[in-house]
Amino acid sequence: MHDLTDKVTLVTGAASGIGREIARAYARAGARVVVADINEDAALATAQAMIAEGGQAMGIAMDVSDEAQVDAGFASIASAWGPVDVLVSNAGVQVISPLVDFAFADWKRMLAIHLDGAFLTTRAAMRQMIPTGRGGSIILMGSAHSHVASKFKAPYVTAKHGLLGLARTVAKEGAEHAIRANVICPGFVRTPLVEKQIPEQAKELGITEEEVIRNVMLKDTVDGEFTTVKDIADVALFLAAFGSNALTGQSITVSHGWYMS
């Protein structure tokens with residue numbers, strides 16, 4: 001069920017955090033993994049580390065909000081390894097601010113990375129998957145915030161909600177081509193992105209960083225635990241290898257029960 005032998009897999013934002021762990025899990029499952037990241041040096045270093053561990057990997061620079069760069073990246077992958085079989089649209093950023101103080105430039109940048117990036121990479125992946133006739137898996141990285149809202153995260157919550165609609169549409173359009181689309185919705189995972197939020201939230205809420213962790217981030221979990229990058233990678237591996245349209249158009253929340261659907 002977890003065999004991805006020689007499948008061409010592309011993970012965006014894969015030089016750190018959740019993306020890197022997914023890329024490593026795919027490599028261990030036999031996939032040929034493209035580590036895509038806006039930081040080219042970090043992408044190349046991550047790919048080299050995976051090769052040293054016995055995996056097949058390449059690193060490329062990709063600004064997912066840049067149409068030309070996305071299309072060029074997919075073309076280079078096809079030239080080297082063939083069409084993409086699995087896409088994980090994972091690249092993301094976070095800016096914390098009350099809505100009334102939110103800079104329009106930050107709003108646009110966040111929606112461009114999360115929503116435009118998901119659209120552009122999904123479109124490019126489908127353009128490669130459809131002619132092969134062998135289908136594929138498109139995985140969008142949502143959040144528990146795809147279903148709930150939190151203060152000071154207006155564009156993030158907006159974008160993550162939007163990914164549900166994109167995945168459901170792709171599931172319907174892709175079904176005749178055996179292309180599945182699903183959204184993984186993590187709770188709080190202690191990545192650099194979340195580490196950065198802790199002092200920001202503490203400042204905005206006027207509480208300590210320990211209180212942010214205990215009373216904001218983990219308050220509604222069943223066990224007071226952070227979700228781990230391995231938890232998310234395990235789900236991404238399951239979705240990538242799943243064999244039919246029985247599981248498509250879905251969101252899977254991995255949050256220690258923070259959000260239950």
Side-chain angles (χ1 to χ4, degrees), residues 11-25 35-39 42-43 46 64 88-99 101-103 106-107 109-115 117-118 139-164 183-236 251-260:
V11 184
T12 69
S16 65
I18 291 171
R20 180 170 59 194
E21 191 66 21
I22 292 172
R24 294 179 68 232
V35 177
D37 201 276
I38 196 168
N39 184 330
T46 300
V64 297
V88 181
S89 175
N90 168 74
V93 295
Q94 180 63 284
V95 177
I96 302 294
S97 175
L99 191 146
D101 298 326
F102 227 106
D106 286 336
W107 169 276
R109 182 170 71 94
M110 289 189 65
L111 265 62
I113 293 169
H114 290 274
L115 284 179
I139 301 168
L140 308 181
M141 192 57 63
S143 166
H145 285 107
S146 295
H147 299 281
V148 299
S150 291
K151 296 168 67 175
F152 313 133
K153 298 182 179 180
Y156 185 83
V157 171
T158 300
K160 294 303 187 182
H161 273 65
L163 292 177
L164 299 180
V183 185
I184 300 177
C185 297
F188 283 102
V189 181
R190 203 146 189 182
T191 61
L193 195 68
V194 167
E195 290 288 355
K196 178 176 177 289
Q197 290 180 52
I198 295 171
E200 292 174 340
Q201 292 256 32
K203 179 180 178 181
E204 291 292 347
L205 294 169
I207 59 178
T208 67
E209 293 185 13
E210 292 74 17
E211 288 172 321
V212 170
I213 294 171
R214 184 177 63 252
N215 300 331
V216 178
M217 292 183 168
L218 303 181
K219 177 173 70 73
D220 293 323
T221 64
V222 297
D223 54 10
E225 297 288 339
F226 280 100
T227 303
T228 69
V229 291
K230 183 181 183 302
D231 294 331
I232 307 306
D234 286 346
V235 176
S251 64
I252 299 177
T253 305
V254 190
S255 68
H256 285 255
W258 172 34
Y259 173 80
M260 300 185 187

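Bear in mind that the values here come from a model prediction, so they are computed numbers and not experimental data. As a basis for the values below, the full set of heavy atoms in this structure was taken, side chains included, without hydrogen atoms, waters or symmetry mates.
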Measuring from atom [atom1] of [X] to atom [atom2] of [Y], what distance do you get when rounded to the nearest 0.5 angstrom?
X    : Y    : atom1 : atom2 : answer
K219 : I213 : NZ    : CD1   : 15.5 Å
Q197 : I96  : CD    : CD1   : 4.5 Å
I232 : K230 : CD1   : NZ    : 11.0 Å

Q: Could you check R214 against E210 for salt bridge (charged side-chain N to carboxylate O under 4.0 Å, His left out), going step by step and ending with a plain yes or no?
A: CA-CA 6 Å; R214 184 177 63 252; E210 292 74 17; over 6 Å; no

Under 4.5 Å between any side-chain heavy atoms of [X] and [Y], yes or no?
X    : Y    : value
K153 : Q201 : yes
S97  : E200 : no
E204 : K151 : no
T46  : D37  : no
V64  : I113 : yes
L218 : E225 : no
V216 : I207 : yes
V93  : H114 : yes

Q | Partner of F188 by ring-ring contact (aromatic ring centres under 6.0 Å, His included), out of F226, Y259, W258 | A | W258

